[in-house]
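The structure appears below as structure tokens.
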Amino acid sequence: MKQFMDQDFLLKNDAAKTLYHDYAKEMPIYDFHNHLSAKAILDDIQFKNITQVWLGGDHYKWRALRTNGINEQDITGDTSDYEKFLLWAKIMPYLIGNPLYHWTHLELQRYFDIYDQLNEDTAEMIWNKCNEKLQTKEFTVRNLIKMMNIKVLCTTDDPVDNLENHIEIAKENLDFKVLPTFRPDKAIHIEKPDFHKYIKSLSEVVGYEINDYQLLEKALLERLEFFHKNGTRVSDHALDEVLYAPATGKEVNDIFQKALRDEELSLIELKKYKGYLVTQLGKAYAKRGWVMQIHIGALRNNSSRMFKELGPDTGFDSINDEVCAKDLSKLLDNMDKTNELPKTILYCLNPRDNEVLTTMLGNFQGGGIAGKIQFGSGWWFNDQKDGMERQLEALAQLGLLSRFVGMLTDSRSFLSFPRHEYFRRILCNKFGKYVEDGEYPNNIQFLGKVVQDICFNNAVNYFDIQISSIMNE
Ligand SMILES: O=C[C@H](O)[C@@H](O)[C@@H](O)[C@H](O)C(=O)O
């Protein structure tokens, strides 16, 4: 029987072990999509205890606790931090098969050098050991980032953000980059109740009233330029349903005016507005060499009661079963036909769409960039072992896995970076199995280089982000 999460965790053959230990393990991390706080990095904050960093904002953990019958008060309410930690420790043995079980123990091992199982019996000891370390200078947020050899972090930011924290961080000579991501969802989701409020806040930022579509586009392009000047090279879109229909600027403005009058929009009007705006933004990204990320297929905020109480991204989302292929194809083609499709990373939340996306990739490749259109790493409900294996398999069989830009955490916790290790072990095991099964020659040196490319080098080449100054060559 294998030892529990030992050094060869997830590595089931000799080739896999060699690929991980000799090639993947020491590679730096390029986390090009997460929800970390740039202010926490600027202030280099110190967490008071393990509850604050583990349970403070991670809706994965909140969801697991709710499923275990824990009251909301003890999850996101004002129950003491120790009580919340104790509940998390108690649930741990019941998380068998859930990635949170592996991630929690990897984080204890990598950050705190704790190899004990977390459960009710070890809770107090682990609470004390973690908190003792968290209060030392070695455990400030910036040192947590350095501990994991992270070189690039792209946070998630709204066009109205003033980026003051990123701007201040950039003035310091850090050995990692913290860059904003342009996330214009609130301008795209015209049907949302807060659309008016958002247009007002965008108007305040640009200094003129946005009273038609053309001014909205102008304002967004001005903010895009501001983000570009402050280091942004990545955008992100949550297109829970991909909507596209051909439209003229006049039609889109008529739709915009209808929305301002609070009139309900038809599906075809949503398709026209969203397809047109995403196309215009995509062309602007292409002009600047940016990468466009598109996250497809979430069904969000299913509990209206809890949305009212806690807001979005609090663990009440699930997988959508809307089909995305046709409108996605038209949306991408609408940019590609004038050769203005940017580098694009597609993520689907419904694994049923894995093959839809990996076959879609091949339709729009080229332009002198290997792997211009990418299939993103197992996203959200797919970022566990099987989900990652399915994503890698679909990309290997129908795309080009060796050109994959690799893993990202998409996380809100500064302790989540062992997820890259988790991914690397899964990747090395996959490649190792090809070799051990005689399906690929034992070219370990070449495969090791491909593994290192997927871990880091492909991202360096794919994103137009200069990092030579922070790479201690
Ligand atoms: O892995 C979970 C993710 O952080 C999830 O919360 C985000 O992907 C969010 O839905 C988004 O739209 O960016």
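We count ligands from 1, going down the list as the structure has it; atoms in each ligand are counted the same way.
Summary of contacts: the protein heavy atom closest to atom 3 (C) of ligand 1 is D410 OD2, 3.3 Å. At the top of the distance list for atom 6 (O) of ligand 1, counting protein heavy atoms only, stands H59 NE2, 2.8 Å. The protein heavy-atom contact nearest to atom 10 (O) of ligand 1 is R300 NH1, 2.8 Å.
Using a cutoff of 4.0 Å between basic side-chain nitrogens and carboxylate oxygens, E225 and R288 are scored as salt-bridged. With respect to the salt-bridge test (charged N to carboxylate O, under 4.0 angstrom), the residues D313 and R412 qualify. Between R142 and E172 there is a salt bridge, since at least one side-chain N of the basic residue sits less than 4.0 Å from a carboxylate O of the acidic one. A salt bridge between K192 and D194 is absent, with no side-chain N of the basic residue lying under 4.0 Å from a carboxylate O of the acidic one. Salt bridge annotation for E191-K274: present, with a cationic side-chain nitrogen under 4.0 angstrom from a carboxylate oxygen.
In terms of N/O distances under 3.5 Å, ligand 1 is approached by Y60. Here's the thing with T409: none of its N/O atoms is less than 3.5 angstrom from an N/O atom of ligand 1. Taking only nitrogen or oxygen atoms, main chain and side chain alike, R183 reaches within less than 3.5 Å of ligand 1.
For H35, the heavy-atom gap to ligand 1 drops under 4.0 angstrom.
Contact annotation: for Q293 versus ligand 1, there are no heavy atoms closer than 4.0 Å. Looking at D313 against ligand 1, only its side chain comes within 4.0 Å, counting heavy atoms.
W380 pairs with exactly one of H35, H59, H33 by the ring pair (Phe, Tyr, Trp, His ring centres under 6.0 Å) rule, that one being H59.
Checking D74 against T79 by side-chain atom types alone, a donor-acceptor pair falls below 3.5 Å.
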